[in-house]
There are 2 protein chains.
Amino acid sequence: MGSTMPGASPDFTARLRAAGLRPTRQRVALARLLFESGHRHVTAESLHVEVKSTQMPVSLATVYNALNQFRDAGLLREVVVAPGRSYFDTNTGHHHHFFVEPDGALHDFPSDKVTIAGLPAPPKGTRLSRVDVIVRVRR
Amino acid sequence: MGSTMPGASPDFTARLRAAGLRPTRQRVALARLLFESGHRHVTAESLHVEVKSTQMPVSLATVYNALNQFRDAGLLREVVVAPGRSYFDTNTGHHHHFFVEPDGALHDFPSDKVTIAGLPAPPKGTRLSRVDVIVRVRR
DNA sequence: AAGAAATTTAGAACGATTCTAAAGACTGCG
DNA sequence: CGCAGTCTTTAGAATCGTTCTAAATTTCTT
């Protein structure tokens, strides 16, 4: 026993494998933190602090590696809202963001009810990739 | 003559003073580059390269200081589109951006014809500050 | 269990930005 | 005009977030 555990860590192993990533201990630990509860926003730093408080210590470099790999695999979405810091969002579906300016807090909101009309055509030779809407608010 | 020049550098001095900034040589030189022709997007690095090619050498630290001060004074708007690099936009009016993903090029488009409907209300205790729309496109 | 290949790690390296302390430039006052 | 006082500039060090390196470890295949 040990290699294929019972029910403790559900299908993170499978989830990672499906994404083409080896389910290493640290990737599983990070995936659990990221995906076991509802949607989350993290930075490399914040996730590192969080994972350190578990049994399994993971280096900061590994957190960066994992976040980038998860993003490349489509498990996470990177959100750029403030200079010098990257947020990663476990919600990869269509949605937009509130950004609370003083403290840097980020909140999702669904794009279902949002309609954007009148956008100009993409510049010649380019295809639309994604439309990001960031609603900046202050206290 | 000399203190109050004729027509060479129009009203950059006045413009800076009106913004509450002393019209120093380097700030005037930077303001001229930024504001004398149409709207522009610059990074600290690109503006530094540009100003170095004029008679007046300006240190990189001063370029950073000036960009931040101009932004705080409302003369520039900071645009965050890619991790690790800040763009400054001389267009401070209402408008949005195209961001061409591979090369990092940024283009304005007016918000006149753009309609955004169905945005949720700002979180409790916050006021709307600005809505940024970034249309990401690929080649 | 053994070997090959991928991953983790600590620490160095990096690029962008800010800070520091000292030197220099603008302004108001006489 | 000339000087004091305050603000600004500067070079270089420092900092921050992120990536890279090379060596040690783990995972996977057989």
Side-chain angles (χ1 to χ4, degrees), chain A residues 1-5 9 12-31 41-49 51-52 54-73 76 78-88 104, chain B residues 1-5 9 12-31 41-49 51-52 54-73 76 78-88 104:
Chain A
M1 60 190 165
S3 56
T4 310
M5 284 198 61
S9 55
F12 291 117
T13 290
R15 200 116 176 279
L16 288 170
R17 238 188 271 277
L21 297 167
R22 279 194 186 175
T24 62
R25 295 153 179 221
Q26 24 291 297
R27 293 213 269 234
V28 171
L30 294 170
H41 298 115
V42 302
T43 62
E45 199 58 55
S46 77
L47 186 58
H48 185 224
V49 166
V51 78
K52 273 193 299 191
T54 70
Q55 349 279 279
M56 154 122 298
V58 179
S59 77
L60 182 57
T62 295
V63 174
Y64 273 103
N65 290 340
L67 286 173
N68 288 152
Q69 293 151 354
F70 290 5
R71 187 228 311 105
D72 293 346
L76 291 176
E78 189 168 7
V79 185
V80 183
V81 281
R85 162 170 296 176
S86 265
Y87 290 76
F88 290 87
Chain B
M1 63 191 166
S3 56
T4 310
M5 285 199 62
S9 55
F12 292 117
T13 290
R15 202 117 176 280
L16 290 170
R17 237 190 271 275
L21 297 167
R22 277 194 189 175
T24 64
R25 294 155 182 219
Q26 25 288 298
R27 294 213 268 233
V28 171
L30 294 170
H41 299 116
V42 302
T43 62
E45 199 58 57
S46 77
L47 186 58
H48 185 223
V49 167
V51 77
K52 274 194 298 191
T54 68
Q55 350 278 277
M56 153 121 301
V58 179
S59 77
L60 182 57
T62 295
V63 174
Y64 274 103
N65 289 339
L67 286 173
N68 288 152
Q69 293 152 352
F70 288 8
R71 186 227 313 104
D72 292 346
L76 291 176
E78 188 167 7
V79 185
V80 183
V81 280
R85 163 169 294 175
S86 266
Y87 290 76
F88 290 87

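Within every chain, numbering begins at 1; the chains are lettered A, B, ... in the order of the sequence lines, protein sequences first and strands thereafter. Values below: every heavy atom of this structure, side chains too, minus hydrogens, waters and symmetry copies.
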task: Could you tell me which residues satisfy side-chain hydrogen bond (donor to acceptor under 3.5 Å, both in side chains) with B:E45, sequence neighbours excluded, listed by chain and number?
output: none

message: Testing the basics here: between B:A29 and B:V51, what is the closest heavy-atom pair and its distance to 0.1 Å?
response: CB-CG2, 4.4 Å

query: Atom NE2 of B:H48 and atom C1' of C:dT18: how far apart are they, to the nearest Å?
result: 15 Å

- prompt: Quick one: B:L16 CG to D:dT8 P, roughly how many Å, whole number?
  reply: 11 Å

query: Between B:V80 and A:P83, which heavy-atom pair has the shortest distance, and what is it?
result: CG2-CD, 3.7 Å

- prompt: side-chain hydrogen bond (donor to acceptor under 3.5 Å, both in side chains): which pairs involve residues 61-72 of chain B, sequence neighbours left out?
  reply: B:R27-B:Q69, B:S59-B:T62, B:R71-B:E78

Selected nucleotide, minimal atom distance to B:R27 side chain, candidates C:dA10, D:dT10, D:dT8: D:dT8

Contacts of A:S46 that satisfy side-chain hydrogen bond (donor to acceptor under 3.5 Å, both in side chains) - sequence neighbours left out: A:T43

query: Through what angle, rounded to 10 degrees, does the axis of the helix from C:dA1-D:dT30 to C:dG30-D:dC1 turn between its ends, using five pairs per end?
result: 30°

- prompt: CG of A:D72 versus P of C:dT7: gap in Å, rounded?
  reply: 13 Å

query: Rounded to whole angstrom units, what separation is found between the CE atom of A:M56 and the P atom of C:dT7?
result: 16 Å

- line: In short, A:L16 meets A:P23 closest at the heavy-atom pair CD1-CA, 3.9 Å

Close N or O pairs between protein and nucleotides 26-30 of chain C (under 3.5 Å):
from   : atom 1 : to    : atom 2 : distance (Å)
C:dC26 : O2     : B:R22 : NH1    : 3.4
C:dT27 : OP1    : B:R17 : NH1    : 2.5

task: Would you mind reporting whether B:V42 and B:L76 have side-chain heavy atoms less than 4.5 Å apart?
output: no

- prompt: Taking all non-hydrogen atoms of both residues, which atom of B:A44 and which atom of B:L60 are closest, and how far apart?
  reply: O-CD1, 4.1 Å

message: Ignoring hydrogens, what is the shortest heavy-atom contact between A:A66 and A:L30? Give both atom names and the distance.
response: CB-CD1, 3.6 Å

task: Indicate for each nucleotide in nucleotides 14-22 of chain D, in 5' to 3' sequence, whether protein heavy atoms under 4.0 Å reach the base (B), only the sugar-phosphate (S), or nothing (-).
output: ---SBBB--

